[in-house]
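Note that ligands are numbered from 1 as they come in the structure, with each ligand's atoms numbered from 1 the same way. Throughout, numbering of the chain's residues begins at 1 and tracks the sequence.
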Amino acid sequence: MIYLDNNATTRIDPQVLEAMMPFLTDNFANAASTHAFGTGANEAVKTARRQVATSIGAEPHEIVFTSGATEAINLAIKSVAEQYQAKGRHIITLQTEHSAVLDVCKHLETKGFEITFLPVKPDGLVDMEVFRAALRADTILVSVMLVNNELGVIQPIKELAKLTHDFGAIFMTDGTQAVGKMPLNVDELGIDLMPMSAHKFYGPKGVGALFVRQRRPNRVKLEALLHGGGHEGGKRSGTLNVAGIVGMGKAAEVARNQLGTDALRVGALRDSLENELLQISDTRLNGNRQNRLYNATNVLFEGCDSDALIMGLENIAVSNGSACTSASIAPSHVLMALGMTETEAFSCIRFSLGRFNHADEIPQAVEAVKKVVGQLRAMSVQNI
Ligand SMILES: *Cc1c(COP(=O)(O)O)cnc(C)c1O
């Protein structure tokens, strides 16, 4: 099995699992309990909160732990809509956002909010002139993702945040594909809200966090989605997932220590894979080649149906859309936003690498892709 679907989810790093184990066994206490067992768990959560905050240049009290990025996205966008509607009811986002962001925005549309779903350029990047023109006095929130999950392109967050703040709006970026994979500082970039998820950077599934700016220049007011015991400063009730949170903290720390080595090693593997794949005739790279993360490549194989390609690749895990929407038969909304036809969008494969890929997997994957692409093209010629 060759796993090239790390943008869908990653394997837990052994160091992360080791840090979590005590909290799944002997140290099982509720972090809210005041006895010695509880305070131990509470200390571990505090450490994790510091680890996550440090990895993005935030303060510990600006981190709210959630069940993942989807919940953090819901919490962030719905809070801003609720808290800031006196200023206006206009929100700007991109057509290429993750379905969690798009679906929350569509839900708010039914509640009387006006959403601008901005198009992107054919390379997946936002057009700054188009963006500037979309900002209005009644804009309360801009949500533009940092790294796109299908293309890996990196949006110009710092410039977008600055323009957003000029209009007195809040700037959110979905950091799920960026956190733990690239250096990232919320102050330097001007980020007010940032959802993230542990399982995208070698932590466990079912735990994530929302960065909520509590310092100058923009203290963001949050409105709880989940009411109950008043956990997480009243922002997110429910007994804390101590083991998961400890795992997320450790994953953030490990990622911080390995940022450079991961980027160099995984980047070299991605480049070699991409170069080989683009040697195959009638292939094309999707998304901007310069402004992108090091771990993924999205390639169009003319004349090949991506579902058939995935099936044919048998023991190689790749993807043709985000895992969250690929259960549907619609073409990827991200690829369609690049201006592709449906047939083109159904001919693309995302290969996303990670810390646990080995160099010897690359030639194996390339050979397998060459073989299946050849077979599929031969079959379609016969059908004509
Ligand atoms: C995976 C992903 C999400 C959803 O994260 P979950 O923790 O699985 O809910 C949101 N946004 C992006 C960009 C993602 O890649």
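Residue Thr70 touches ligand 1 through backbone and side chain together, judged by heavy-atom distances below 4.0 Å.
Taking a 4.0 Å cut-off on heavy atoms, His199 registers as neighbouring ligand 1.
Looking at residues two or more places apart in sequence or on another chain, you find no side-chain hydrogen bond (donor to acceptor under 3.5 Å, both in side chains) involving Glu18.
In this structure, a donor-acceptor pair under 3.5 Å is present between the side chains of Gln51 and Glu253.
Near Ser197, meaning under 4.0 Å from any of its heavy atoms, are these atoms of ligand 1: 6 (P), 7 (O). Applying the 4.0 Å criterion to heavy atoms of Asn149 picks out, from ligand 1, the atoms 13 (C), 15 (O). For ligand 1 and Met145, the ligand atoms under 4.0 Å from any heavy atom of the residue are 13 (C). Listed by number with element, the atoms of ligand 1 under 4.0 angstrom from any heavy atom of Gly68 are 7 (O).
Considering backbone and side-chain atoms alike, Ala69 places an N or O below 3.5 Å from some N or O of ligand 1.
Formation of a donor-acceptor pair under 3.5 Å by the Arg213 side chain with backbone atoms of Arg216 is found in this model. Between the side chain of Asn74 and the main chain of Thr70, a donor-acceptor pair closer than 3.5 Å is present.
For residues 306-315, every residue pair satisfying the side chain to side chain donor-acceptor pair (under 3.5 Å) rule, not counting sequence neighbours, is listed here: Ser306-Asn320, Asp307-Asn320.
Compare Asp174, Thr173, Asn74 by their heavy atoms: the one nearest to atom 13 (C) of ligand 1 is in Asp174.
When the shell of 6.0 Å around CZ of Phe356 is examined, it contains more than 12 heavy atoms from other residues, nucleotides or ligands.
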